[in-house]
2 protein chains.
Amino acid sequence: MAGLKQVQRQTGVALWRQIADRIREAISTGTYDEAGMVPPETILAQQFGVNRHTVRSALAALAQEGIVRAVQGRGTLIERKERLNFPITKRTRFTAGIGDQAREMRGLLLDDVTEEASAEIARWLGLKQGAQVIRLETLRQADKRPVSKATSWFPAARFAGIGEAYRKHESITKAFADLGLPDYVRATTEVTAAHANTSDLADLELTPGAILLIAKAMNTDLDGVPVQYSISRFAADRVQFTIEN
Amino acid sequence: MAGLKQVQRQTGVALWRQIADRIREAISTGTYDEAGMVPPETILAQQFGVNRHTVRSALAALAQEGIVRAVQGRGTLIERKERLNFPITKRTRFTAGIGDQAREMRGLLLDDVTEEASAEIARWLGLKQGAQVIRLETLRQADKRPVSKATSWFPAARFAGIGEAYRKHESITKAFADLGLPDYVRATTEVTAAHANTSDLADLELTPGAILLIAKAMNTDLDGVPVQYSISRFAADRVQFTIEN
DNA sequence: TATGGTTGTCTATATCAATAGACATTTAAA
DNA sequence: TTTAAATGTCTATTGATATAGACAACCATA
């Protein structure tokens with residue numbers, strides 16, 4: 001079923017990496033759910049048409065990522081199924097949306113500057129071009145693994161000090177609450193995909209060739225006034241979006 | 001500007017492949033448009049922080065793809081800028097949309113079967129589940145390079161023989177015309193992204209880790225009756241979509 | 001407790017990937 | 001015609017990748 005010849009040689013991509021990627025994908029799609037563990041190394045080697053040692057290199061890489069754990073005499077157990085699910089609805093919130101999918105969610109503030117709005121940002125936030133906006137660069141982690149990197153813009157006049165509030169609470173929702181905005185809604189979300197650039201690779205701890213899911217989102221207060229525009233870059237092999245209407 | 005340290009080691013992805021991917025990307029985004037050629041090997045080696053021979057391996061791979069051509073004493077010329085543009089509108093047509101972006105467009109018929117509609121296909125085509133539909137598997141090429149692989153379904157009762165008509169004209173538009181449908185419009189298009197699977201890698205001549213843009217499209221006749229549902233898989237580094245409303 | 005199945009470790013070998021340096025060949029321009 | 005700049009070719013060396021085989025260590029269970 002899994003078939004032979006699933007990997008290509010002479011392409012500049014090591015076999016162990018191709019195999020690691022395929023096993024990670026299989027784990028996240030639930031292929032091995034019945035057993036809760038990966039097939040034996042000898043079976044995998046046969047399926048991929050490679051030496052057992054090559055499969056071991058692939059499994060070692062996945063163990064390094066914390067996805068599997070090998071136990072001598074028993075087999076290779078699946079530790080984490082990857083791919084956090086983000087429901088995208090009117091009430092989309094990053095931290096709360098994760099729910100019990102991870103034990104620990106963190107949001108780190110990488111940068112906090114006040115600048116003039118570009119034409120695009122001004123349009124999204126309903127401001128005049130050149131109006132003052134606060135830009136936050138944040139990195140979100142689930143169980144200490146980076147999940148997404150986001151750039152957010154806020155009207156500076158209304159949300160002065162939001163950077164400090166975010167640093168304190170590690171949550172946009174709570175930072176808004178601190179600044180007198182108890183509730184807000186997701187107005188629009190645009191989703192695209194691209195290869196990760198060098199900066200993304202480093203911050204999200206990805207390997208070259210990784211895919212990003214990019215979500216451009218605009219939130220408004222309950223009166224429909226824009227309060228935030230953000231561009232979030234997610235490691236595509238760690239998340240999925242579900243759009244519910 | 002291009003910066004140092006753009007490549008990562010020990011990741012299972014060869015440096016020459018990372019560099020080839022980055023140069024291909026730079027070419028397609030027009031970074032080298034002024035000169036019409038790639039920077040000298042020694043400069044590239046310095047920018048990427050690798051040996052000149054490693055850069056030569058990357059350029060050799062791009063030459064193999066037909067993207068660049070090295071000329072001794074002059075430099076490495078850009079032969080093709082990659083990334084065909086597909087405008088997606090009500091009047092989207094694959095072949096015509098390419099326009100003068102390629103010299104030769106071809107559409108090869110890989111498979112032509114009549115089958116019963118699945119629930120999903122029946123819903124898209126407005127048929128009862130189990131109704132007879134014709135499924136065509138096609139591969140589209142621009143200047144002999146594969147661009148996309150598509151699976152299309154048509155109501156069998158209305159479009160009997162469309163496989164033969166497509167094989168003859170290598171165009172859905174002309175095949176429709178042959179069967180008495182002179183015009184049609186694009187009703188909906190859904191776009192997603194994913195890694196290429198083994199079959200895609202082979203058919204589209206991609207390397208492992210390549211991204212696909214996936215477009216699910218439904219066309220109707222001028223009365224709004226569905227005439228075609230298709231799932232097209234594009235090599236993401238060779239195309240872009242522009243959505244115009 | 002004996003056995004089969006599994007992961008862990010070791011040695012050996014061949015090929016690919018990357019670096020390093022030297023020099024030839026070709027082109028364009030001074 | 002000379003010179004500088006660029007690609008082409010060659011040799012040599014090192015480390016990563018992949019294969020091959022053998023055996024040890026461990027686990028669950030019959």
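Letters A, B, ... are given to chains in the order of the sequence lines, protein chains preceding strands, and every chain is numbered from 1.
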Colleague: Which comes earlier along DNA chain C counting from the 5' end, the contact point of Leu59(A) or that of Gly12(A), where each point is its nearest nucleotide?
Modeller: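 Upstream on the strand: Leu59(A).
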Colleague: Measure from CG on Leu44(B) to P on dA6(D) and round the result to the nearest Å.
Modeller: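 Going from CG in Leu44(B) over to P in dA6(D) covers 11 Å.
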Colleague: Between Trp16(B) (CH2) and dT19(C) (P), how many Å, whole number?
Modeller: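 Roughly 14 Å, once rounded to whole Å.
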Colleague: Using heavy-atom distances to pick each residue's nearest nucleotide on DNA chain D, tell me which of Val71(A) and Pro39(B) is more 5'.
Modeller: Pro39(B)
Colleague: Just to be sure I understand the rule, does Thr42(A) reach a base, reach only the sugar-phosphate, or reach nothing, if contact means heavy atoms closer than 4.0 Å?
Modeller: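 Thr42(A): no heavy atom of the nucleic acid under 4.0 Å.
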Colleague: What is the separation between atom CG on Leu77(B) and atom P on dA5(D), rounded to the nearest whole Å?
Modeller: 19 Å
Colleague: Distance alone, cut at 3.5 Å: any donor-acceptor contact between the side chains of Lys216(A) and Ser232(A)?
Modeller: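 Absent: no donor and acceptor within the cut-off.
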Colleague: Look at all strands and tell whether Ser57(A) reaches a base, only sugar-phosphate, or nothing, counting heavy atoms closer than 4.0 Å.
Modeller: nothing
Colleague: Using a distance-only criterion (donor-acceptor N/O pair, under 3.5 Å, no hydrogens), is the base of dT7(D) paired with the side chain of Gln72(B)?
Modeller: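 Check passes, donor-acceptor contact within cut-off.
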Colleague: Look at the side chain of His53(B) against the base of dA17(C) and say whether a donor-acceptor pair falls under 3.5 Å; ignore hydrogens and angles.
Modeller: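 Looking at the base of dA17(C), it does not pair with any donor or acceptor on the side chain of His53(B) (distance under 3.5 Å).
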Colleague: Should Arg74(B) be listed as having a side-chain N or O under 4.0 Å from OP1 or OP2 of dA6(D)?
Modeller: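 So the side chain of Arg74(B) is outside the cut-off, no N or O lying under 4.0 Å from OP1 or OP2 of dA6(D).
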Colleague: Is there a side-chain polar atom (N or O) of Arg52(A) under 4.0 Å from OP1 or OP2 of dA20(D)?
Modeller: no
Colleague: Using a cut-off of less than 4.0 Å, is there contact between a side-chain N or O of Thr54(A) and OP1 or OP2 of dT19(D)?
Modeller: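 So the side chain of Thr54(A) is within the cut-off, an N or O lying under 4.0 Å from OP1 or OP2 of dT19(D).
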Colleague: How long is the line joining CZ of Arg69(B) and P of dT27(C), in whole Å?
Modeller: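 For the pair Arg69(B) CZ and dT27(C) P, the rounded distance is 12 Å.
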Colleague: From CE of Met37(A) over to C1' of dT7(C), roughly how many Å is that when rounded to an integer?
Modeller: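 Met37(A) atom CE is separated from dT7(C) atom C1' by 10 Å.
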Colleague: Give the rounded distance in Å between these two atoms: CD1 of Ile19(B) and P of dA17(C).
Modeller: 13 Å
Colleague: Would you call Glu41(A) and Arg56(A) a salt bridge, taking side-chain N to carboxylate O under 4.0 Å as the test?
Modeller: yes
Colleague: Strictly by modelled atom types, are Ser148(B) and Arg140(B) linked by a side-chain donor-acceptor pair under 3.5 Å?
Modeller: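 The answer is yes; a qualifying pair exists.
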Colleague: Could you state the CD-P distance from Glu41(B) to dG8(D), rounded to the nearest angstrom?
Modeller: 6 Å
Colleague: Starting at atom CG of Asn51(A), determine the distance to atom C1' of dT11(C), rounded to an integer number of angstrom.
Modeller: 14 Å
